[in-house]
Amino acid sequence: MTDPVNEGLDPADMREQYRTTELSVADLAPEPIAQFSRWFKETATSPAIHEPNAMVVSTATPDGRPSSRTVLLKHYDRAGFVFFTNYDSRKGAELTANPYASLLFPWHPLARQVVVTGRAERVGRDETVAYFRTRPHGSQLGAWASRQSSVIASRAELLARYEELAARYPEGAQVPVPPEWGGIRVVPDAVEFWQGHENRLHDRLRYVREGGEGGETWRVERLAP
Ligand SMILES: Cc1cc2nc3c(=O)[nH]c(=O)nc-3n(C[C@H](O)[C@H](O)[C@H](O)COP(=O)(O)O)c2cc1C
């Protein structure tokens with residue numbers, strides 16, 4: 001469609017044919033974390049993907065208004081997927097009121113996406129402190145400097161706050177962990193692996209946890225693309 005706002009670049013004309021190998025149930029690992037691990041390794045070694053651990057986390061208010069943003073996956077294991085953020089941020093507040101999240105890994109250059117849904121919980125304080133200590137000094141100060149998601153008057157205000165903190169905690173000094181900052185673990189109840197194919201005949205294989213939270217068995221179902 002010709003539309004003066006799209007400057008001749010119409011998203012309706014953009015179309016990719018995905019030429020990839022089939023993903024079958026028989027190829028899948030017995031549980032989703034092992035399968036995620038396989039794909040994550042392939043993604044991390046692909047030069048086409050920048051920041052393979054970037055994922056879109058979606059949250060919602062208790063009355064069902066959703067919001068999304070990108071964060072970095074920092075740890076995953078059978079217990080779940082962990083990212084770090086400000087608990088008082090918009091996402092943090094939404095998760096406090098409604099502790100369910102969706103995580104989406106957009107690995108487009110490989111014609112793949114992984115979607116995780118589940119309950120979100122705060123990680124133990126010791127896990128947060130251990131991770132905070134591995135962050136560069138500047139990022140540690142940044143976590144203090146930013147009251148994430150609040151409206152601020154200017155960038156200058158943010159920089160002034162950072163400079164104040166840098167004077168108080170020079171390089172080499174131990175920066176305490178901000179009380180409102182920490183990890184969130186999403187404990188999966190379902191994990192979907194999507195592999196793109198020609199003619200929109202994509203593979204969608206979803207692991208669904210059986211027996212409720214803590215259940216160790218997973219059923220796999222194929223979804224229509
Ligand atoms: C590539 C990328 C990685 C990011 N990683 C994080 C992260 O790990 N933690 C975080 O709190 N924000 C991260 N952000 C910023 C968030 O997208 C977002 O702006 C911020 O967390 C505030 O979100 P909220 O107001 O919806 O809570 C990242 C942004 C990008 C583009």
Side-chain angles (χ1 to χ4, degrees), residues 33 36-37 39-77 79-110 112-159 161-162 165 175-188 191:
I33 301 303
F36 180 84
S37 195
W39 272 26
F40 188 58
K41 239 173 239 160
E42 288 174 27
T43 308
T45 52
S46 163
I49 302 223
H50 180 63
E51 295 201 293
N53 59 329
M55 59 187 187
V56 176
V57 53
S58 300
T59 55
T61 59
D63 59 344
R65 290 185 176 236
S67 64
S68 302
R69 74 291 290 155
T70 307
V71 297
L72 296 177
L73 176 73
K74 286 294 166 183
H75 180 73
Y76 72 91
D77 58 21
F81 296 80
V82 177
F83 64 93
F84 289 85
T85 195
N86 187 308
Y87 293 141
D88 293 340
S89 66
R90 179 177 182 177
K91 72 182 98 43
E94 289 184 2
L95 287 173
T96 300
N98 175 26
Y100 294 93
S102 158
L103 307 174
L104 183 146
F105 294 84
W107 296 330
H108 309 160
L110 301 181
R112 283 178 173 177
Q113 100 182 329
V114 177
V115 182
V116 176
T117 53
R119 197 177 49 75
E121 60 186 26
R122 294 183 182 188
V123 306
R125 203 59 196 158
D126 45 346
E127 196 173 334
T128 286
V129 171
Y131 172 67
F132 190 79
R133 294 271 156 264
T134 69
R135 284 165 62 99
H137 182 71
S139 311
Q140 294 182 347
L141 296 179
W144 276 103
S146 167
R147 290 186 52 222
Q148 199 176 53
S149 312
S150 62
V151 175
I152 55 174
S154 65
R155 181 167 177 81
E157 178 187 314
L158 186 65
L159 294 178
R161 174 110 180 91
Y162 184 91
L165 287 155
V175 182
V177 185
E180 69 284 2
W181 189 93
I184 290 183
R185 171 177 288 104
V186 176
V187 181
V191 185

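Index from 1, following the sequence. As the structure lists them, so they are numbered: ligands from 1, and atoms in each ligand from 1.
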Practice problem: Indicate whether any N or O donor in one side chain lies under 3.5 Å from an N or O acceptor in the other, for S37 and Y76. | Solution: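 Short answer, yes.
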Kindly state whether the ring of [X] and the ring of [Y] have centres lying under 6.0 angstrom apart.
X: W181; Y: Y87; answer: no
X: F132; Y: F84; answer: no
X: F40; Y: F105; answer: no

Quiz prompt | Set of salt bridge (Lys or Arg N to Asp or Glu O under 4.0 Å) partners for E127, sequence neighbours left out | solution =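 Partners of E127 under the salt bridge (Lys or Arg N to Asp or Glu O under 4.0 Å) test: R185.
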Quiz item: For the residue pair F81 and F36, does the interplanar ring angle fall in the parallel (under 30°), tilted (30 to 60°) or perpendicular (over 60°) class?
Solution: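 Perpendicular: the ring planes of F81 and F36 meet at over 60°.
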Self-check item: Neighbouring residues of ligand 1, heavy-atom cut-off under 4.0 Å
Solution: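 Near ligand 1, by chain and number: E51, R69, T70, V71, L72, F84, T85, S89, R90, K91, Q148, S149.
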